[in-house]
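In what follows, a single structure is set out as structure tokens and then discussed.
In listed order, ligands and their atoms are each counted from 1. The first residue of the sequence shown is numbered 1, and numbering continues consecutively from there. From a predicted model like this one, the values you see are computed outputs, not experimental measurements. These values consider heavy atoms only, across backbone and side chains, with no hydrogens, waters or symmetry-generated copies.
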Amino acid sequence: MSKKIVVVGSCMIDFVSYAPRLPEAGETIHGHKFVTNFGGKGANQCVAAAKLGGDVALVARVGDDVWGPKYINNLKNEQIDTQNVRITENSSSGIAQIIVADSGINQIVIVAGANLSLSPKDVLDSQPLISLAKVLVLQLETPVETAIEALKLCKGISILNGAPALAQYNLELLKLPSIFCVNESEASVFTGLPVNNVCEAEIAAKLLISKGCQSVLITVGAEGAVYLSNDPSKKLLHVDSPKVKSIDTTGAGDAFIGALAFCLANYDHISMENAIKAACIVAADSVTRLGTQISFPGPEILQNVL
Ligand code: RIB
Ligand code: NA
């Protein structure tokens, strides 16, 4: 069965500690709350699109530990097609150790586990699904060659979220996707340039276009996002984000990408500017609540926007 949006990517179990601030190297500090959540950039982006009402399938791998079947159930509860989510034998599910400071910023270490066994063959096994997708979404918590294989099969719009970032990479990663989307720190790793504000993001976007990207979208936190395409007749865009009180920015980039995919898959004539605006609204709303998937909004958030 075909789906409008197909995500090829990761599932992680998030072990989240909330603490007054991020610890320094070698330092131990007291946190004040601990929770376990379903996360991972791939699944987060999938859930973000599904919660908005998107028709979504996930191609992914979980482990044969206690978390694998629980994760698949979680996806089913979000109305996501899980026929291509497989269990890898003798492997643990991917996990993420996350620390969220009171200021809302976070630090994450992932141990990808079963996500590393998501192979180009898994992609080929899902070929009809991927080729028929209107929007294909990928990240880099699963093997790069798997993402490249999927990008080659895609006939619709492809969005590659270059996260986690790579300092050295196959240029196909930049050239194949319709939209290459990263946050500031990832843009900095991919370009070798400092990217700490809108102005620096614009410079990085231009460099990424010169390296072969079809279009580049750099999210700049509370400042929204910068978008540049390789079409010289189109101007560089800076789209503002609504200003909100942030309590947890974890997964905000995933909410942004899921919402972008939802808009592009469901509104044929939407401009990139309006799709990015909608994505900023969804991401900003998500940071006002704790957690990733559990904090993503439903369709009402875009009621007066689309
Ligand atoms: O983007 C946020 C996600 O990154 C978390 O859910 C965590 O699992 C890591 O993959
Ligand atoms: Na959140």
- Message: Side chain or backbone, does K41 bring an N or O within less than 3.5 Å of an N or O on ligand 1?
- Response: yes
- For the atom pair CZ (F296) and CG (N44), what is the distance rounded to the nearest 0.5 Å? 4.5 Å
- Examine G291 and say whether one of its N/O/S atoms is closer to the Na ion (ligand 2) than 3.0 Å. yes
- Item | ligand 1 versus N44: contacting region, heavy-atom distance under 4.0 Å | side chain
- Message: Checking S10 against T142: is there a side-chain donor and acceptor pair closer than 3.5 Å?
- Response: no
- Message: Show the atoms of ligand 1 that are less than 4.0 angstrom away from any heavy atom in M12.
- Response: 8 (O), 10 (O)
- Could you say whether the N/O atoms of G40 and ligand 1 ever approach to under 3.5 Å? yes
- Message: Over 60° means perpendicular and under 30° means parallel, so tell me whether F34 and F15 are parallel, tilted or perpendicular.
- Response: parallel
- How far apart are the closest heavy atoms of N266 and K4, and which atoms are they? OD1-NZ, 3.1 Å
- Taking only heavy atoms of T292, which atoms of ligand 1 are found under 4.0 Å from at least one of them? 6 (O)
- Task: Tell me yes or no: between the side chains of D254 and Q139, is some donor less than 3.5 Å from an acceptor?
- Result: no
- Task: Just jot down the ligand 1 atoms closer than 4.0 angstrom to any heavy atom of A96, in number order.
- Result: 7 (C), 8 (O)
- Message: Need the ligand 1 atom indices (1-based, order shown) with element for anything under 4.0 Å from a heavy-atom of E141.
- Response: 4 (O), 9 (C), 10 (O)
- Which atoms of ligand 1 sit under 4.0 Å from any heavy atom of G39? 6 (O), 8 (O)
- Item | N, O or S of R289 under 3.0 Å from the Na ion (ligand 2) | yes
- Residue pair S93 / D65, side-chain donor-acceptor N/O under 3.5 Å: yes
- Can you pull out the closest protein heavy atom to atom 2 (C) of ligand 1? Residue, atom name and distance to 0.1 Å, please. D254 OD2, 3.3 Å
- Among protein heavy atoms, which lies nearest atom 8 (O) of ligand 1, and at what distance? D14 OD1, 2.5 Å
- Is atom CD of E27 surrounded by more than 12 heavy atoms (other residues, nucleotides or ligands) closer than 6.0 Å? yes
- Distance only, no hydrogens: is a donor on one side chain within 3.5 Å (strictly under) of an acceptor on the other, for Q214 and N230? no
- Message: Please report, to 10°, the angle around the Na ion (ligand 2) from atom OG (S295) across to atom O (S286).
- Response: 80°
- Note on the structure: Exactly one of L260, L302, I257 clears side chain to side chain contact (heavy atoms under 4.5 Å, CB included) with V282, and that residue is L302
